[in-house]
Structures are given as structure tokens and as C-alpha cells.
Amino acid sequence: MPGSGIDPDKVPAAVNTVDANQIDREHSANIANALEKFVPGIVVNEVAGNPFQPNVQFRGFVASPVSGTPQGLAVYQNGVRINEAFGDTVNWDLIPTAAIQSVAVIANNPAFGLNALGGAINITMKNGFNYHGAEIDTMAGSYGRIQNSTQWGKQIDNYAVYGALEGVHDDGFRNFSPSEVRRFYGDVGYKNDESEFHLNMGVAENHFGATATAPIELLDQFWGATYTTPQTTQNRVGYLNLIGKVEATPSWTIEGSAHVRRFEQNIVDGNPTGTQPCTDPALLCFGDDTTPAFGLNGVQLANPFAPGTVLGELDRNTTRSTTTGATLQATNSDQLFGRNNKFVLGASFDSSVTRFTASAELGTIGPNFVVSGSGIFLGQSGNPVSIGPVDLRATNQYTGLYALDTFDVTNALTITGGGRFNLANIVLEDQIGTSLNGTDNFNHFNPLIGGTYKITPGLTAYAGYSQANRAPTPLELSCADPARPCIVAAFLVSDPPLKQVVSQTVEAGFRGSRDLNIGTLGWKFGVFRTDNTDDILAIPSPVLQGFGFFQNVGATRRQGIETEVTLKSNALQFFASYALVDARFLNALELASNSPFADANGNVQVLPGNRIPAIPRNRVKASVDYSITDALKIGGDTLLVSSQYFVGDESNQAPRVPGYAVFNLHTSYQINKTFQIYGRVDNILDNRYATYGTFFDTTAIPNLANGGAPFTDPRSLSPARPRVYYAGLKATF
């Protein structure tokens with residue numbers, strides 16, 4: 001990611017920045033909360049059912065920790081891309097919030113490399129040069145929440161050191177949804193007049209109960225209900241980054257980085273199963289009552305379960321990735337034709353090796369939909385839908401070359417042009433058989449052209465065109481056969497070809513600021529349109545519930561409006577925004593679907609203009625913070641989000657997931673120079689709302705919470721937290 005040092009007002013695209021003060025006012029261990037509050041186009045949902053594993057959606061593109069989610073945002077931490085290698089997932093829980101200096105959300109820009117279809121999120125961490133002193137922050141509240149963060153920074157002459165340590169325990173408002181978060185970030189730096197170097201590192205080990213969606217019939221009985229458990233995730237990470245910048249001459253700056261990252265994830269997922277008694281009840285079959293279910297030894301399994309037992313399955317998978325990489329960039333600030341000019345030339349290389357394994361253990365489903373293992377593991381079973389052990393080695397190599405030039409044509413007019421060439425090589429090696437073997441190469445050149453015009457000192461217009469591309473991930477390539485679907489991110493089956501996604505974005509707008517007697521007034525207004533060709537979606541299998549595959553679905557479009565108004569003074573901080581995101585399919589399609597409106601073959605007909613599910617059209621946000629005295633501050637915020645279609649309802653036939661409104665309050669009191677107490681109440685009206693919805697097979701498991709009666713409603717929702725209270729004490733030294 002280029003650190004070009006270009007004036008943000010000369011960037012021909014929308015740029016939103018959330019600073020450390022805004023993050024600190026949230027008192028949250030989840031950076032997604034601040035992003036959702038202060039960036040107009042962002043909404044957050046908890047597909048995984050855990051607040052520390054959110055989907056962050058910007059303009060209809062997602063950065064998600066959930067394997068199998070088609071990703072559309074590139075995320076960087078101190079210039080290092082942190083989308084994980086196997087599925088391009090983003091694990092927000094691994095980033096210590098207290099250590100964040102700022103977060104910039106930047107619209108489509110090819111300089112950010114692969115997967116920046118909708119844009120990039122660039123996280124800058126603190127160091128001992130910009131943070132001095134020490135802070136201890138402890139908070140406790142509803143559902144057993146206890147969190148603590150400690151940070152310390154010091155500069156001695158040309159040297160500086162910084163460290164942050166965070167820990168969180170939360171029982172969760174839903175059954176079986178506890179969270180344990182432990183993470184550390186540290187930085188050692190050296191700086192003089194001509195150069196600056198940083199060595200930073202981080203480690204984290206987090207455990208989550210991720211409860212996913214639950215049938216609406218269960219949620220009607222209890223808002224914290226779950227459907228099949230355990231669903232647990234364990235994330236571990238360790239990384240080391242060396243970053244340097246040298247002013248080689250008065251006009252040339254050389255920047256570079258080298259990094260290594262080790263990521264490990266273990267998931268246990270209780271599910272319904274395709275295993276059932278055969279026509280001969282002494283044996284087990286898979287998918288129907290005639291296709292044998294085999295054990296690991298290749299012999300058909302005998303049926304050890306009592307008649308009437310509800311069968312389930314414990315699906316386990318592990319992902320272990322090691323990524324190394326380097327970047328090198330040169331920036332020149334010599335004048336061109338007597339005008340200011342900034343030229344950036346750079347290259348990046350990343351190499352990742354991933355080992356992915358999966359297994360399936362048969363079990364029984366009891367009260368509260370808890371799956372208990374039996375010690376019986378499935379071997380390769382089923383036809384055409386199959387399940388069985390997976391052991392895959394995946395190698396990714398990503399190379400990028402980019403150049404950008406920003407030229408001041410006049411004192412008011414600035415133009416920017418350039419582009420980036422991306423090359424991706426992905427090799428899959430099946431460690432059990434040969435069905436997953438494959439080698440894929442993707443390349444694309446992405447141009448950028450745009451300009452800004454300063455109409456007045458306080459008003460700037462901008463417009464730009466850019467492209468970006470996303471290569472299919474190893475996960476998607478190994479689960480892309482409609483005839484042989486898999487449990488996404490668990491049981492991979494083959495390596496059919498997928499096309500890369502290419503996005504084309506056009507946007508324009510105005511931004512400005514003006515000093516008033518009551519403070520500084522700022523505003524933004526922009527419009528955008530992003531067209532994707534060969535977009536990739538996760539498609540549910542019509543053959544067996546819980547299975548699916550990835551598929552190119554032709555062209556899609558995301559377009560809309562973003563507006564924002566801010567007012568900042570010593571006593572008042574006000575923010576309000578509105579964003580319209582209209583996301584639609586552009587081609588007629590026949591897609592497999594688990595929608596209740598699917599035809600006899602399990603398909604729905606998508607027409608041009610149908611809306612893409614899970615993308616709310618309207619987002620309204622407002623927040624205010626006011627200092628009643630120098631010591632006492634109060635504030636509140638609201639979020640209004642319109643309805644969205646259920647995932648699986650690409651034909652737009654079912655009623656939508658209702659929109660929602662959330663209101664929050666917070667206050668703080670500075671006791672003295674050292675101590676501050678604060679409090680928060682989130683969702684003060686105790687609204688019951690959902691941030692995400694999909695469909696499920698009502699026949700897979702009986703409703704054990706209702707005497708074993710069958711489910712009748714196929715809707716399944718991700719419920720949001722009810723009213724919660726938090727209070728804390730912060731000490732600053």
C-alpha cells in the first residue's frame with residue numbers, strides 16, 4: 001500500500017478518517033463500532049453471532065471474518081495487508097483497538113492491490129513518537145463484560161517505544177456465545193531528520209462462541225436462542241513488521257517494508273447432517289437411504305444410534321497460514337513544468353503457504369440443539385454431494401507493480417493518474433487424493449484517472465475513474481463445482497475454474513469546511529457507481545441443505561449517494577450522515593437457492609434489476625458530544641438502517657428483513673488530571689432487531705424447543721444485542 005503523502009484534499013475519491021479520539025469515545029474493544037458510527041457508507045452485522053467477529057460492509061462490499069463470504073475490501077495495518085491468505089477473510093478481533101492511531105476508509109483505488117473492489121481500510125497504529133505517557137482503562141457491564149486495556153509510550157531523543165495490551169471477557173447475550181480476547185501490539189522506532197524506522201509486532205489468542213443465525217421461531221421464544229451448537233472459533237496470530245523511510249535526496253523518498261505473519265484458526269461447528277439410517281436400519285447412509293456412509297477405513301458404517309435419535313455432525317476445520325512479503329516504494333516531489341508534482345513508483349510481493357484440514361464426526365442433537373459427538377468419523381461419503389476428510393496445501397503468490405502521479409495543473413486544479421498491475425498465482429495440492437489439485441494464474445492492469453478542483457479555499461470538487469480486481473481465493477477455487485457442492489470452508493471437493501472479478505468505479509462529489517463562530521463546519525457530498533464483471537457469490541446447494549459452492553454471477557452494480565455534515569468546537573462534536581447504497585444484479589440468472597420460492601429444481605430466476613441480498617439501501621447516522629463543563633461530558637448517537645433482502649432471496653420474492661433504529665447514550669466525568677469515570681447505555685429503547693437474515697431447511701432438525709414439532713418458518717436471523725449497560729474507570733499518567 002503506497003504511503004504517498006498526498007494531501008487528502010487532492011485525492012479524487014471519497015476519503016473518511018476516524019481518529020484516535022473518536023475511537024476512544026467509544027470505549028469499545030471492537031474497531032467496527034467506530035467505523036459504523038463515523039463512516040457514512042459502512043454498516044456492521046454479526047453474521048457469526050459474535051460482536052468481535054463482525055462483517056464490515058462499505059458501499060455493499062464486505063470485509064468479513066466468516067470463511068466463504070465473498071470479500072470486497074482490502075484491509076491494511078501499518079501498510080501491511082492483513083486479509084488472511086486462504087479466504088481473504090479479515091479477523092477484526094486480532095487488532096488491539098487501544099493501539100490504533102487512525103483508520104482511513106478509501107474508495108476504490110488500484111494502488112491498494114488485490115481485493116480493493118469497493119475500497120480499502122487503512123489502519124495506522126500508534127508509536128512512541130505520537131503517543132507519550134501511560135493509560136489504564138477498565139470497563140465492566142452487562143452479560144459479564146469485563147475489559148481492560150493498558151498502553152504506554154515514551155520517546156528518548158531519536159528513539160521511541162510503544163506497547164498496548166488488551167483483554168476482554170464477555171458471556172454474550174445468546175446461549176453458548178462467550179468471548180475471550182487477549183492481544184498485544186508493540187513498536188520500537190528510530191527517527192532523525194532524514195529517516196525513520198519501526199519494528200512492530202503483535203500477538204493475539206482469542207476464543208469465541210459464534211452462534212450464527214437462528215430460526216425466527218426460536219427467537220420468538222427467546223431472543224438469545226441458538227440453532228445447533230457448539231460453534232466455536234479459536235484465532236491465533238503472531239506477526240513482525242519492519243518499516244523504513246529514508247529521504248535519499250531533498251526530492252526523493254524511499255520507503256520499504258518486510259513482514260512475516262503466522263495465522264492459525266480452529267473451528268468446531270455443530271450442524272445437521274446428511275447421514276441417516278438406510279433402508280436397512282442397521283446401516284448408515286448419506287444424502288438418501290441407499291447411498292452408503294463410509295468410515296475412515298472405507299467400510300460402510302453400522303448404525304449405533306437408537307431409533308428416533310436426531311442425528312447431527314461436528315464439523316472441525318483448521319487453517320494454518322504463514323505469509324511473508326515485502327514492499328518498496330519511491331516518491332519524487334520535483335516540480336514538473338514549474339508546477340508541484342508528486343510521483344510514486346512501487347512494488348509489492350506476498351507469498352503465503354496454508355495448510356487446511358477438515359473432519360466430520362457423527363453425533364446426536366439434544367436439548368438446546370447441542371450436538372454431542374459419538375467418536376464415529378465420516379470417510380468419503382455421498383454422491384454427488386459428498387463429505388469426508390480434507391487435507392489441502394495452498395500456496396498464494398501475489399505481485400504488484402504500481403505508479404501514480406499527482407500534478408497541480410493550476411493552484412486550484414490537480415489531476416491524478418496511474419495504475420497497478422496485479423499478478424496472482426495460486427497452487428492447490430491435495431494431500432489425500434488429487435481432486436483438489438490445481439494451478440491458477442490471474443493478472444490484470446487497473447488504471448486510475450481523476451482530478452480535484454478547489455472552487456474556493458473551503459470547497460473542493462472531485463471526480464475519478466478507477467478499476468480494481470479480485471482473484472478467486474484458494475477456498476473459492478476448491479469449492480466451485482455446482483454438481484459437487486461442499487460445506488463452505490469445511491469440505492472442499494474439486495478445483496473448477498472461476499473467473500476473476502473486475503470492478504470499475506466512477507465517483508464525483510464536493511467536500512469543504514468553514515470556520516464559524518460556533519466551531520468548524522465540515523461537509524461532504526458524493527455519488528458513486530461501481531460495476532463488477534464476473535462477480536462471485538456463495539450459492540446454496542439445492543441438493544442438500546448446508547452445502548454450497550461459489551459461482552461467477554455475471555455483472556452487478558453498486559451505486560449511491562454519501563452525504564456528511566460535521567461541526568467541531570471545544571465544547572461540541574456533532575456528526576450526521578446519510579448514505580444510499582443501491583446494489584443490483586445486471587444480468588438474468590438462474591441460481592440455486594434455499595428460498596421458499598425456489599422451483600422444483602431448487603432454482604430461482606434472477607431478473608436484471610433485482611437487488612442483491614444483505615445490503616440495506618438506506619443508512620442514517622447522527623452523533624453528538626457536548627461538554628457541559630470542562631469535566632462533565634454527555635453524548636448520544638443513533639443509527640437508522642432500512643430493510644434488506646434475505647440471503648438466498650436473489651429473486652426478491654420474500655418479505656425483507658425489517659429495518660431498524662438504534663439509540664445509544666454515553667457520558668464521562670474527569671475527576672482530576674489522572675482519573676476519569678464513564679458510562680454507556682447501548683440500545684436504550686431495547687429494540688429487538690436483526691442485522692442479517694437467511695433461510696434454512698425446516699425439515700433438517702425438528703423443533704426440539706417445541707416438543708419436537710416441525711419448524712414451519714424458513715427464515716433465520718442474526719439477532720442484535722438488547723439493551724446493555726457499561727461503566728468504566730480510566731487512569732492517564
Side-chain angles (χ1 to χ4, degrees), residues 228 230 267-318 356-366 369-392 430-437 478-496 539-549 592 594 600-602 696-702 710:
T228 69
I267 294 176
V268 180
D269 190 4
N271 287 309
T273 182
T275 306
Q276 61 187 66
C278 301
T279 51
D280 178 357
L283 298 173
L284 291 175
C285 287
F286 188 86
D288 53 41
D289 58 5
T290 58
T291 303
F294 297 107
L296 295 176
N297 58 3
V299 177
Q300 185 173 5
L301 291 171
N303 183 5
F305 303 106
T309 300
V310 180
L311 298 185
E313 185 176 296
L314 288 174
D315 298 318
R316 297 180 175 89
N317 67 74
T318 62
F356 176 87
T357 61
S359 65
E361 179 186 3
L362 290 179
T364 59
I365 302 179
F369 301 93
V370 176
V371 182
S372 300
S374 66
I376 301 172
F377 286 81
L378 284 169
Q380 197 64 42
S381 303
N383 184 33
V385 179
S386 63
I387 197 170
V390 173
D391 191 346
L392 174 69
D430 196 329
Q431 305 297 294
I432 295 177
T434 60
S435 62
L436 295 177
N437 288 347
S478 51
C479 183
D481 189 344
R484 301 182 66 200
C486 56
I487 294 180
V488 172
F491 297 100
L492 313 180
V493 291
S494 59
D495 179 31
I539 307 296
S541 170
V543 180
L544 190 63
Q545 181 72 20
F547 283 68
F549 55 93
N594 54 9
N601 296 317
F696 79 108
D697 182 359
T698 58
T699 65
I701 302 174

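These values consider heavy atoms only, across backbone and side chains, with no hydrogens, waters or symmetry-generated copies. Keep in mind it's a predicted model, so treat the numbers as computed, not measured.
N303 CG to L284 CG: the interatomic distance, rounded to the nearest 0.5 Å, is 4.5 Å. Of the inter-residue distances, the one linking I539 atom CD1 with F549 atom CZ reads 6.0 Å to the nearest 0.5 angstrom. Going from atom CG of D269 over to atom CG of L314 covers 8.5 Å, rounded to the nearest 0.5 Å. For the atom pair CZ (F356) and CD (Q431), the distance works out to 13.0 Å, reported to the nearest 0.5 Å. One finds the CG atom of L301 at 6.5 Å from the OG atom of S381 (value rounded to the nearest 0.5 Å). Here I365 contributes atom CD1 and I701 contributes atom CD1; the two are 3.5 Å apart, rounded to the nearest 0.5 Å.
For residues 281-293, the set of pairs meeting the side-chain hydrogen bond (donor to acceptor under 3.5 Å, both in side chains) definition, not counting sequence neighbours, comprises D288-T290, D288-T291.
When all heavy atoms are compared, the tightest approach of A360 to I387 is CB-CD1, 4.0 Å. Closest heavy-atom contact between P277 and P281: CB-CA, 4.4 Å. Here the closest heavy-atom approach between residue S359 and residue F377 is recorded as OG-CE2, 4.0 Å. The minimum heavy-atom distance between L392 and S478, with the atom names listed, is CD2-OG, 4.3 Å.
Under the rule for a side-chain contact (heavy atoms from CB on, under 4.5 Å), the partners of T699 that lie at least two apart in sequence or sit in another chain are D697. Legend: residues meeting side-chain contact (heavy atoms from CB on, under 4.5 Å) with P292, ordered by chain and number and at least two apart, are F294, Q300. Under the side-chain hydrogen bond (donor to acceptor under 3.5 Å, both in side chains) criterion, S372 pairs with no residue at all, not counting sequence neighbours. Residues passing the side-chain contact (heavy atoms from CB on, under 4.5 Å) test with D430, sequence neighbours excluded: I432, S435, L436, N437. Residues satisfying the side-chain hydrogen bond (donor to acceptor under 3.5 Å, both in side chains) test with E361, not counting sequence neighbours, are R316.
Side-chain contact check for P272 versus F696: every heavy-atom pair is 4.5 Å or farther apart.
Here the rule is side chain to side chain contact (heavy atoms under 4.5 Å, CB included) with I376, and of L296, L362, T275 only L362 fits it.
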